Number of protein chains: 2
Amino acid sequence: MNNDVTLVSDLGEHNLKEDDDSPSLVDEVYQKLLLRIIRCELPGGTELKSTQLARELSVSRTPVVQALARLQADGIVIQQKNHRAVVREGAENWLVEIHELRLLLEPSAAAMAAQRITEAELTELQMQAADVKTCQQQYEAGDRSSAHLQKWSTASRSFDYALHLAIADYCGNLPISEAIHKCWSYKRVSYSAAEETPEIMTRGLYDHTVLLDSLKNRDSETASVAMAMHLRNASRMRPDRLIV
Amino acid sequence: MNNDVTLVSDLGEHNLKEDDDSPSLVDEVYQKLLLRIIRCELPGGTELKSTQLARELSVSRTPVVQALARLQADGIVIQQKNHRAVVREGAENWLVEIHELRLLLEPSAAAMAAQRITEAELTELQMQAADVKTCQQQYEAGDRSSAHLQKWSTASRSFDYALHLAIADYCGNLPISEAIHKCWSYKRVSYSAAEETPEIMTRGLYDHTVLLDSLKNRDSETASVAMAMHLRNASRMRPDRLIV
DNA sequence: GACACCTAAAGTGTATTCACTTTCAAGAAA
DNA sequence: TTTCTTGAAAGTGAATACACTTTAGGTGTC
């Protein structure tokens, strides 16, 4: 059984806590199951038995049961009392559909955040944007090596993540913020399989710059439209439509 | 300690399963905690200790830990590894903010459902609407007794629930559907404290009729607007803004 | 008084255990 | 053959056990 690969790369809180290192077993199991479902290795209808999974993953049943409960709360898995958990039919398209959900949430969140985000946060984000730009120029001006591309890609993702989550955090509505965070946690799981091309990253940086400017100008209308445009671009530029 | 009131009234699946009766302890604990948080009996910052809660609720720690994990997944509670769970600051406005979230989700869901809902489901819903109308007329034509009002209120809620969840189910996007279901599960928890007035119910039935007609006509645009209007009305007619 | 250090009590994560429920395949009855 | 019965195997919900971590309240030192 070769599914005990360490999938738990960089989970955990995205804040400044440095003491809490190892993720709990529940987190690990949850991540592994989620990844396998999203990758269709566990298609809709598959039965997930806590006893069997515990054996396979070499943990006790307790964390597996908790991970399954979390998947059920997400709606990815269904479990009736005293019955086995079942992967929900249609869970294969989860990531694509999550992108549609983001299209409903994030433009409004951006509009709301434009009125509430702090100047400090804005300057922090602008610094990150500058970093990404630097990486891009190093790549283009240099030898276009894969090392430079890698660096650019990492910076690009990091900025992407920071900007979208800052918008969620400053939108002023907890459930909306939580919903967006959840979308991004799914997206994060898929990162292991995703690929960034220079075209996508260039376009992404442009979109993000427009978005950041509209936040800076406290222009909710533009922020909302910029976000909607950005999300549509992102899905348009990925013809496989599997990882968005 | 008088908090061991049975709060778990009519939880469980809203489908035709009749064999599975008693809700699990996890569900009960989750419901009780959620209700107490929404009612501000457990304000933001309160520490929720699994050991202590287990003692108070006379259950073992296992279901309490799972309920807390669920609240954490919801974003209502925060818990770092090896630390106590804490009620999130700002959780008091949860229901109001959930209503704002519905305003982002349900209009689009209605538009999507207009293209996908089945005729069978539509006729079923129309029958329920007729039932509500009958109850209303019985109340108005009769002695306006509280018994008739009660019956009307029950039918009204049942129809409300059925229509909105049908729209979620037929919107064709699993995460969006799940998000809407979750909003309604919160709303359901608050039902114990909510009050329906004849004015609200009359307006609600009208809104729902318009919505249902637009679904019947496969008119996405109208369905979306009707839903948005309905949601705005609902919050406008509740000046307390606590239970929506 | 303020601050570091220590220790017992409380709390958390996870494994183990057990009673009860569901599943499923083999044998009996039609 | 098909359908019903049945009992063992597998699975689930929940309590308990235990090692490890955090918390809180001294005690001593400055």
Side-chain angles (χ1 to χ4, degrees), chain A residues 1 4 6-8 11-13 15-33 42 45-73 76-88, chain B residues 1 4 6-8 11-13 15-33 42 45-73 76-88:
Chain A
M1 211 145 297
D4 47 357
T6 299
L7 306 170
V8 185
L11 179 69
E13 287 63 35
N15 49 26
L16 316 177
K17 311 284 174 180
E18 72 282 1
D19 43 354
D20 183 26
D21 40 2
S22 69
S24 75
L25 285 186
V26 183
D27 287 325
E28 294 192 27
V29 174
Y30 172 80
Q31 293 273 333
K32 287 186 193 181
L33 290 178
L42 299 171
T46 307
E47 287 187 340
L48 301 178
K49 304 164 213 180
S50 64
T51 52
Q52 187 179 312
L53 289 169
R55 270 196 302 276
E56 289 180 17
L57 300 171
S58 308
V59 297
S60 87
R61 211 158 62 82
T62 310
V64 177
V65 168
Q66 289 191 50
L68 288 175
R70 224 153 106 186
L71 288 170
Q72 186 181 20
I76 298 179
V77 144
I78 291 179
Q79 179 166 33
Q80 289 183 308
K81 197 184 172 193
N82 287 323
H83 288 249
R84 300 159 179 168
V86 177
V87 177
R88 189 150 177 183
Chain B
M1 212 144 300
D4 47 358
T6 299
L7 306 170
V8 185
L11 179 68
E13 286 65 34
N15 49 27
L16 316 177
K17 311 284 176 180
E18 71 282 0
D19 44 354
D20 184 25
D21 39 3
S22 68
S24 75
L25 284 187
V26 182
D27 286 326
E28 294 192 27
V29 175
Y30 173 80
Q31 293 273 334
K32 287 186 193 183
L33 289 178
L42 299 171
T46 307
E47 287 188 341
L48 300 178
K49 305 164 212 180
S50 65
T51 52
Q52 186 178 312
L53 289 170
R55 270 196 303 278
E56 289 180 16
L57 301 173
S58 309
V59 297
S60 87
R61 212 158 62 80
T62 309
V64 177
V65 168
Q66 288 192 50
L68 287 176
R70 222 152 109 186
L71 287 170
Q72 187 181 21
I76 298 179
V77 144
I78 292 178
Q79 179 166 30
Q80 290 184 306
K81 197 186 173 190
N82 286 322
H83 288 249
R84 299 159 181 172
V86 177
V87 177
R88 189 148 175 184

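A note on names: the letters A, B, ... follow the listed sequences, proteins ahead of strands, and every chain is numbered from 1. Source: prediction; values computed, not measured.
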Enquirer: Measure from CZ on Arg61(A) to P on dG13(D) and round the result to the nearest Å.
Expert: 7 Å

Enquirer: When the distance from CG of Leu48(A) to C1' of dT12(D) is rounded to whole Å, what number comes out?
Expert: 14 Å

Enquirer: Would you mind reading off the distance between Gln52(B) atom CD and dA10(C) atom P, rounded to a whole angstrom?
Expert: 11 Å

Enquirer: Can you tell me how far NE2 of His83(B) sits from CD of Glu47(B), rounded to the nearest 0.5 angstrom?
Expert: 10.5 Å

Enquirer: Grab the CG-P distance between Asn82(A) and dA10(D) for me, whole Å please.
Expert: 18 Å

Enquirer: Find the distance between CG (Leu53(B)) and NZ (Lys32(B)) and round it off to the nearest 0.5 Å.
Expert: 11.0 Å

Enquirer: Of the listed nucleotides (dG13(C), dG11(D), dT23(C)), which one gets closest to any side-chain atom of Gln79(B)?
Expert: dG13(C)

Enquirer: Rounded to whole angstrom units, what separation is found between the CD atom of Gln80(B) and the C1' atom of dG13(C)?
Expert: 15 Å

Enquirer: Could you say whether Thr62(B) or Thr51(B) is positioned toward the 5' end of DNA chain C, judged by the nucleotide with the nearest heavy atom to each?
Expert: Thr51(B)

Enquirer: Nearest to the side chain of Arg84(B), heavy atoms from C-beta on, is which of dT12(C), dT14(C), dG13(D)?
Expert: dT12(C)

Enquirer: Does a nitrogen or oxygen in the side chain of Ser60(A) sit under 4.0 Å from OP1 or OP2 of dT14(C)?
Expert: no

Enquirer: Rounded to whole Å, how long is the line connecting atom CG of Asp27(B) with atom P of dG13(D)?
Expert: 10 Å

Enquirer: Could you measure the distance from the CZ atom of Arg61(A) to the CD atom of Gln52(A)? Nearest 0.5 Å is fine.
Expert: 13.0 Å

Enquirer: Can you tell which of Val26(A), Leu68(A), Leu57(A), Asp27(A) makes a side chain to side chain contact (heavy atoms under 4.5 Å, CB included) with Pro63(A)?
Expert: Val26(A)

Enquirer: Take the protein atom CG of Leu57(B) and the nucleotide atom C1' of dA14(D), then report the distance between them rounded to whole Å.
Expert: 14 Å

Enquirer: Would you say a side-chain N or O of His83(A) is under 4.0 Å from OP1 or OP2 of dT23(C)?
Expert: yes

Enquirer: Under 4.0 Å, heavy atoms only, any strand: does Val26(A) hit a base, just the sugar-phosphate, or nothing?
Expert: sugar-phosphate

Enquirer: If you check the Ser24(B) side chain, which of dT12(D), dT14(C), dA14(D) turns out closest?
Expert: dA14(D)

Enquirer: Would you compute the distance between atom CZ of Arg88(B) and atom CD of Gln79(B) and round it to the nearest 0.5 angstrom?
Expert: 14.0 Å

Enquirer: Can you figure out which of dT12(C), dA15(D), dA15(C) approaches the side chain of Leu25(A) most closely?
Expert: dA15(C)

Enquirer: To the nearest angstrom, how far is Arg55(B) atom CZ from dA9(C) atom C1'?
Expert: 12 Å

